[in-house]
Amino acid sequence: MEIIIVLGVIALVVLFFVAQYNRLIRLNISVDEAWAQIEVQLKRRADLIPNLVESVKGYAAHEQSTFDAVVTARAKATTASTVADTAAADGMLTQALRGLLAVAEAYPDLKASANFISLQEELATTENKVAFSRQFYNDNVRELNTAVKTVPTNFFAGFAKVTEREFYEVEDPQDRKAPSVKF
Amino acid sequence: MNFRGQQAANRRKTIGLLVGMGVLVWLVALAALTYFGQSTTAIVPIAVGIALVSVWGSYYGSDKLVLTMTGAKLIQESDNPKLFGLIQEITIASGLPMPKVAIVIDSAPNAFATGRNQDHALIAFTTGILDAMDRDQLQGVIAHELAHVANRDTLVSAVAATTAGAIAILSDMLMRMMWFGGGRDRDRSGGNPILLVFSLLILILAPIAAVLLKSAISRKRESLADATAVAFTRNPAGLRSALEVLERDSTVVRQKSNSIAHIWIESPLDAKAVSKMFATHPPIAERIAVLKAMESLN
């Protein structure tokens, strides 16, 4: 009788350990998947840029500095590998694209062209997809980091070789800049 | 309250209401036993069985069934790239798989989601809603529909419909037994008369109570879907202004059947509902107010 109770308790303890371990591994994989999604969306956006630049160039050839900014930012974004680098390049590119669209505002013919309108819609949805994949990634990182730091999962983090992960924080100068007032 | 608080509160209330449903079934069974004696023991499993069979089929095939009931047509990405882009945005935000997408040709703005699980999800839009709404509004509506998918609301409403159905069948069977004098053990010396009256009352009122509980569950799931939608988009303003468009619009979807009224984002029936207590959706003004409160938190 006692043997059965002892075995039962051991089985429960083992089940508990397995559950904690698996939870950590699952969370870690979710973060990896969310990261892969960010990369997919950033790639989509990078692929879109040449077309967009070409289409704007056709109407506004002399806005060379804006095009250069976009092309440099795109090059940086496609070579970045760490979370921090990718995030920084992503922020720069978002900024440069905003500049490009601002330029387009000044050319009514461009704004009216069917090609530009469809590119603009595609860019809008891609920007949203990038933003949502960041948000999804950060939500997953938050859940993982909480698990790594809280009882009981924190006891198993070392064993499962799961550590806290880095948040994806985009530096967007526009978010911090105080609105400038002109008279 | 922020969206996390809203989600937790609505989940808690759903569980409370489902427990209420369970208690109601138990009360009806108890009343039947008190009134008719042991001969009715078999009736409860029979009633639950009938309800289960009739609801389970429509739950399992909900994505296909609803297509025929609403006349919605499935579309591909090339038919409406902009709409697909918007839906892909929310699948990324929510981590859900891409649902099937359908269009209902109807000028009344409305939308719905169905399907037994994430992998068989279907969301549909009327041509009216696609015309009437801008990007942010449509994004809010899509997030609301995918929130139903994420919260497994087809399952929740199937469970609610099964229990309400079982109670209706049960009390119907027992009422018939009463008229035809069948089951009641005449030999038994009556029992407690107060208890008998009480049991009779439960049998009469239970089906109405079940419908009320079912509507209350549906309303809570709508509020939950609004909160979950905000969790996906982090933009309560989009869904709020979409609901304002629906509120201003007075046209109603031409339905082929009233039995699926609860799945639309704006109920086609509630305007006619006798009272707020039978409505499948919370009043639209109330939903707008909750979203406005979330906006002011940002």
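Throughout, protein chains are lettered first and strands after them, A, B, ... in sequence-line order, and every chain is numbered starting at 1.
- Only the backbone of Leu86(B) comes within less than 4.5 Å of a heavy atom in chain A; its side chain stays farther off.
- The CD atom of Gln88(B) sits 9.5 Å away from the OG1 atom of Thr126(A) when rounded to the nearest 0.5 Å.
- Within the 4.5 angstrom heavy-atom criterion, atoms from both the backbone and the side chain of Ala124(A) approach chain B.
- Of all heavy-atom pairs spanning Gly95(B) and Phe136(A), the tightest one is CA-CZ, 3.6 Å.
- Here the straight-line distance linking atom CZ of Arg135(B) with atom OG1 of Thr125(A) works out to 5.0 Å at 0.5 Å rounding.
- The 12-atom threshold is not exceeded at CD1 of Ile105(B), counting heavy atoms of other residues, nucleotides or ligands nearer than 6.0 Å.
- For a residue to count as touching a neighbouring chain, one of its non-hydrogen atoms must lie under 4.5 Å from one of that chain's; by this rule Thr91(B) does not touch chain A.
- For Gln41(A), the part sitting under 4.5 Å from any heavy atom of chain B is the side chain, from C-beta outward, and nothing else.
- Panel note: side chain Gln135(A), backbone Phe232(B); a donor-acceptor pair is recorded below 3.5 Å.
- Around CD of Gln64(A), the count of heavy atoms belonging to other residues, nucleotides or ligands within 6.0 Å exceeds 12.
- For chain B, no part of Asn140(A) is nearby; none of its heavy atoms comes within less than 4.5 Å.
- Around the NZ atom of Lys100(B), the shell of radius 6.0 Å holds more than 12 heavy atoms that belong to other residues, nucleotides or ligands.
- Summarising the local packing, CD1 of Ile3(A) is surrounded by 12 or fewer heavy atoms from other residues, nucleotides or ligands at distances under 6.0 Å.
- Shown here for Lys129(A) and Gly85(B), the closest heavy-atom pair between the two residues is CE-O, 3.5 Å.
- Between the CG atom of Asn128(A) and the CD1 atom of Ile90(B) there is a distance of 8.0 Å, given to the nearest 0.5 Å.
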